[in-house]
Structures are given as C-alpha cells and as structure tokens.
Amino acid sequence: MRVDRDLPVVAADGTTLLVDHVHPAGPSRGVVVWIRTPYGRGQMASTAKRFARRGADVLIEAARGTDGSGGAFDELGHDPADAPAVLGWLRAQAWFPGVIVTWGLSAIGRASWSLAGAEIPEWRLAILQDTPSELRDGLVFPGGVFAGAVVLGFVHTVEWQADHPGASLLRGMLASVRGARRSKRVLAELPLGTADERLLGRRSTRFREWLAREGDDGYWERLDLRAGAPGMPDLVHLATGWHDFCLSSTLADHAALRAAGKRVRLVVGPWYHGRGAVDRAYRDDVDAWVDAATRGTDPADGAPVRVHVGGGGGWRDLPDWPPPGHPPTDWHLQPGGGLSTDPAPESPPDRYRYDPADPTPALGGAVENWDGTAGAKDNRPLEARPDVLTFTSAPLRADLDVIGPVTATVHLRSTLDHTDLVLRLCDVAPNGRSTNLCDGARRLRPDDPPADPDGTRVVPVDLVATAHRFRAGHRLRLQVSSGAHPRLVRNTGTGEPQATATTTRPADQEILHDPAHPSVLTLPTAGVAEEHPAAQDHR
C-alpha cells in the first residue's frame, strides 16, 4: 500500500498541520478513516494499515503542536478549530469517498469527541476505544483521590513524544515501560507536586494544573466533552475493559449517547487499557460497523451491548447497560470477617491502622500495563498485610452471576478527619487464590461525609461495575483498606495541600457492622445463589 507523508494543511490562523494519507491496499471501499493523534503519526502505522487492507483510505492528522504540525499543543483540548481546515482539504481531494469514520484510542478518541460541535454531514461513525470524555471524576480524581500512576504515565508519554517526533510504535512502547517503572520510584517520594520534575527533569504544566484545580468546577467543565453527545454521528462504537481506568467514563458516555438518540454499540472485555485493540473478536466487531457506515445502513441487528463474563462465563449479549433483570442484592459485612445476605448481629468493629509512611500498595486493577501490573492478580499478598481487612462469604452452593454496577456503603470511624477508604471485590477460589474484579475509593475530608455524634461516618463507594460468574464452591470477598499507592496517591492524613505535603500521620480505622451500622456491599445478581452454612471466620 502507498503512503503519502507530510501533506500540508493550512489552518484558519495560518498554522501548517501535517497529515499522512494511507491509500487502500486494493479497490477503495468508499470510506476514509480519520485519525487525529497527539502521539505521532508513526505510532498509528499498524492501525492505519489494518483499515487500509480492508479497502479504506486513512488520514492521519498530527495534532497541532505535535509531530511537525505547527502551533501549541493542548494535551487534551484538541481544539476543533483545526477541523474545518482538514475537512476542507479532505473534500478537495479527488480520492475523497464522501464517507468519514473517526477512530480513536484513549486521548486520540477525545479528538473525535471534540468534533461533535462541527458540521460534518459525511461523519457516519465514531469508533472510541478506552476513551474518557470526562476527566476529573472518572480518570484524574476517581473518588476524589489523585490517580498518580495513570496521570504521570500520560504526562511521560506526551512529553516523550514531544522530544522524539516521528518515533516508531516500538520505541514509544519501550519508553513507556521505562516511564512506568520510574514513575513508581518517583511517587514513593514526597512532595507529590514535584513528581513531574523527578520524572521528566522539568516541570509539566498539565500535571501541576490538575493537582491545583481539583475543586475548580469550571476548569473541568471545559475539559468535559460529554455534553457534545447530541453532535456525535448517528453510529458510535464504544469499547473498554473491566480493568481499564476509562471504564466508568465509557459507561457514562454510553448512557449519554443513548439518551441523545444515537445507535450505540458497547463492548466490554477482560482487558486493561489498550488491550482490546489486539483482540480479534473486537476488531471483527469494529469492522462490521465500519462496513455498515460505508454502505449507509444500520449495523446488522443484534444486541447493543456485549460483555465478557469472567469466571468462565464467556461473552454475553445484553439488551442494555445496566442489564435488566439483575436486581441489587445487599451483602452485609459480618463479625469474624464474614459476608452474608443476612443482616449482621451486634458485634464490635474491626480495626486496622493505615500509615502513609508505609502506604497500602496497589496490586493489579485499572492501571497502564507497561510493567505488567494491570488487571486480575492474586491478591493474597495484599490481603496478608495488617492494614487490609477482608470480609468473605461462605462457599457458594451454585453459580452466581454478578453483572452490572457495584457499590458499597461502609460505616467508618477514624482518628483523622482526612483519610481514604478503598474497597475491592474479589473472587476467592477453593485453593485460596483471591482475584480482584473491580474496586473503588473515596477521599474523606472534614464533614465530607459528615460524622454522627459517635464519630461514625457513612461512606458510599462506587466500585464501578463488573460481569463475573462466581462458581459453586467459590466465595465472594470484599477488601477494605485505606490505600492503593501509587495507583491512587497516599493520603498523608494532615490535611495539607497534597502538592506540598511532606509530613504524614497514621490513621486508626474502625469498620462498623452491627444493626445500627449496617455496612453492605451491593451487587447486581441474577438471583442469589444458596450459601453453605456460615462459618465463624471466613478470612
């Protein structure tokens, strides 16, 4: 296939943008796949070739201020003002087929969202994989806790690309592996606010802005693209993974796009960030939607939602998300580390001490996988720590499917006003292996949430969602702790600004579970499986 490189497009302000045109490998299918990337055109080569082999023209646009395009780069703004110039250039090409599909993974997908305010009648389909349209609550500060590893990973990638324009995908991946390893060492030190200098050797404006602007609603609203859902094309293909840090944003985007009347396909696989891009079944699913957009027809009839059910449940088609027919069931935390659908009896609280000088570490879950740390892991080493409590059900008598949103409400009493609560749902196999499924966090501040007269605070926690089959003989487990460092940066306990705090205070925590303080894990279940008789201690 032929590639025309470094084609100039002049923006309205006179800035020259560079684009590459990848010609189809054979006869044109009558569609152009438009990729607007801040990561360098070379990074998109394999994706472009995949679409070109199927007969699509591919246009790769180097975002303003990157990879030879002039102007200043706005890491996440993707100013749509450049879109009319590129569209004008595209429409003037003899090869332009008159049908546009946009493709985007992660930050590249945000560039598709930024087009929602433009008039693009040729735009029929947006393919969005692991893309956060909203940043603060779903990505940068989940539960109010700064996502240190994810944010530093993004900052490192952007800065490395700026220093190495035109680098290959392999070079970029190797650099990300090195960056992930260094980020862990950097985040082990305080203060947090200079972590960018320790990692990059210079300041990152974006990193420091995000730390300083947590409570600035107006700032984050300007970066929130979800309100543009009505301006997206009629067809939208969304994909993410159960261990992707963009999961919550993608599920919210699905709801917004459906409310806007769009035909939406949602695919959620057993993946961490970016992993779905190499999944053959996912690629086939995308290709079917591209074919439909090319023909100007709706995709073939079928369920609008397809999710992978862990625990051997395989892929499942659903009519919607959240799926109907999965009512919420409360699992009550019990004395002795138990977990049951029965209310808890009178019992003293369980206790642990969280020391930010030795923060509870992260293990698996929703982080980048450059260093092999993302996804489902054996959590027994984490659960062996004294600063982690576990509440575990008796073995199930029958299979139990849990598919949908997962939440919890925990009654906490702490010696500090400033502390965190981190919860995680796990599947415990008969051999004792405890595998993480989903998790969530909540940062507590004075009067947020407010304390009862006895000092107890009722803390709701969003664990996002899962789709998993707990097999007969397996047990459900809820982990309770106050940290997942460096994925979620430590709470120093002092209440000092987290960018400058250097001192730490340990917190003594009590988790209450009695009739007056019912701490519960709420799971969407297709019928609750019968349990074995309760044991005295399920840990």
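Residues R5 and D20 come closest through the heavy atom pair CA-OD1, 3.2 Å. Taking all atoms of both residues into account, the shortest heavy-atom contact from V464 to D462 is N-OD1, 2.8 Å. Here the closest non-hydrogen pair linking L192 and Q498 is CB-O, 3.4 Å. Closest approach of C426 and N436 over heavy atoms only: SG-CA, 3.8 Å. Residues F154 and A107 approach most closely at CE1-CB, 4.2 Å, considering heavy atoms. When every heavy atom of I120 is checked against every heavy atom of I100, the shortest pair comes out as CG2-CD1, 4.1 Å.
In this structure, N379 contributes its side chain and K377 its backbone to a donor-acceptor pair below 3.5 Å. With hydrogens and angles disregarded, a donor-acceptor distance shorter than 3.5 Å links the side chain of K262 to the backbone of P230. Checking side-chain atoms of T102 against main-chain N and O of W34 turns up no donor-acceptor pair under 3.5 Å. For R198 (side chain) and V186 (main-chain N/O), a donor-acceptor pair under 3.5 Å exists by modelled atom type. Under the 3.5 Å distance criterion, the side-chain polar atoms of W123 are matched with a main-chain donor or acceptor of L125. Remark: side-chain polar atoms of H485 are paired, donor with acceptor, to backbone N or O of R490 under 3.5 angstrom. A donor-acceptor pair under 3.5 Å is absent between the side-chain atoms of R124 and the main chain of L235, judged by distance alone. Here the side chain of D130 pairs a donor or acceptor atom with the backbone of G274 at under 3.5 angstrom. A donor-acceptor distance shorter than 3.5 angstrom exists from the side chain of T131 to the backbone of Q129, with no hydrogens or angles considered. Counting only distance, with no hydrogens or angles, the side chain of R36 and the backbone of A111 share a donor-acceptor pair below 3.5 Å.
In this structure the side chain of C438 never reaches within 4.5 angstrom of the side chain of H468, judged on heavy atoms. The shortest side-chain heavy-atom distance between I403 and P524 does not fall under the 4.5 Å cut-off. Side-chain contact between V286 and R50 is present, with at least one heavy-atom pair separated by less than 4.5 Å. Using a 4.5 Å heavy-atom threshold, the side chains of D224 and L135 count as separate. In this structure, R110 and L223 have side chains that are in contact, with non-hydrogen atoms separated by less than 4.5 Å. Under the 4.5 Å side-chain criterion, counting only non-hydrogen atoms from C-beta, V155 is not in contact with W160. Within the 4.5 Å cutoff, side-chain heavy atoms of L238 are placed close to those of L257. Between V86 and L59 the shortest side-chain heavy-atom distance falls below 4.5 Å.
Note: H21 and H23 have tilted aromatic rings, judged against thresholds of 30 and 60 degrees for the angle between ring planes. Ring pair F141/F146 is tilted by interplanar angle, where 30° to 60° counts as tilted.
Atoms CG and OG1, on L523 and T466 in that order, are 9.0 Å from each other to the nearest 0.5 Å. L211 CG to R206 CZ: the interatomic distance, rounded to the nearest 0.5 Å, is 12.5 Å. With values rounded to the nearest 0.5 angstrom, L463 atom CG is found 7.5 Å from T407 atom OG1. Annotation: the span from S183 atom OG to L199 atom CG amounts to 4.5 Å, rounded to 0.5 Å. In this structure, CH2 in W103 is found 4.0 Å from OG1 in T47, a value given to the nearest 0.5 Å. Atom CG of residue D82 and atom CZ of residue R64 lie 4.0 Å apart, to the nearest 0.5 angstrom.
Side-chain contact, N369 with R275: no donor N or O sits under 3.5 Å from an acceptor N or O. Under 3.5 Å, the side chains of R487 and T373 contain no donor-acceptor pair of N or O atoms. In this structure, a donor-acceptor pair under 3.5 Å is absent between the side chains of T37 and R41. Residues D285 and H237 have side chains that bring a donor and an acceptor to within less than 3.5 angstrom of each other.
Atom CE of M1 sits in a crowded spot, with more than 12 heavy atoms from other residues, nucleotides or ligands closer than 6.0 Å. Under a cut-off of 6.0 angstrom, the local environment of CZ in R91 is crowded, with over 12 non-hydrogen atoms contributed by other residues, nucleotides or ligands.
Centroid-to-centroid, the aromatic rings of H254 and W321 stay 6.0 Å apart or farther.
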Chi angles and distances behind the side-chain contact (heavy atoms from CB on, under 4.5 Å) call for R29, F51 | CA-CA 10 Å; R29 297 283 301 279; F51 285 116; over 6 Å; no
Please assess S28 against D57 for the test side-chain contact (heavy atoms from CB on, under 4.5 Å), listing each intermediate value before the final yes or no.
-> CA-CA 7 Å; S28 173; D57 287 276; 3.6 Å; yes
Yes or no on side-chain contact (heavy atoms from CB on, under 4.5 Å) for Q93 and L7, after CA distance, side-chain angles and deciding distance?
-> CA-CA 12 Å; Q93 306 306 304; L7 302 173; over 6 Å; no
Might you work through the side-chain contact (heavy atoms from CB on, under 4.5 Å) test for F96 and W89, ending with a clear yes or no?
-> CA-CA 10 Å; F96 177 53; W89 178 90; over 6 Å; no
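A salt bridge is defined here as a Lys NZ or Arg NE, NH1 or NH2 lying under 4.0 Å from an Asp or Glu carboxylate O, and R222 with D216 fails to meet this definition. The existence of a salt bridge linking E221 and R136 is excluded, since no basic side-chain nitrogen approaches an acidic carboxylate oxygen closer than 4.0 Å. Ion pairing between a basic and an acidic side chain is recognised when a charged N comes within 4.0 Å of a carboxylate O; R471 and D427 show no such pairing. Between D401 and R316, at least one side-chain N (NZ, or NE/NH1/NH2) sits under 4.0 Å from a carboxylate O, which counts as a salt bridge. Salt-bridge check for D284 with R280: passed, with a basic side-chain N closer than 4.0 Å to an acidic carboxylate O.
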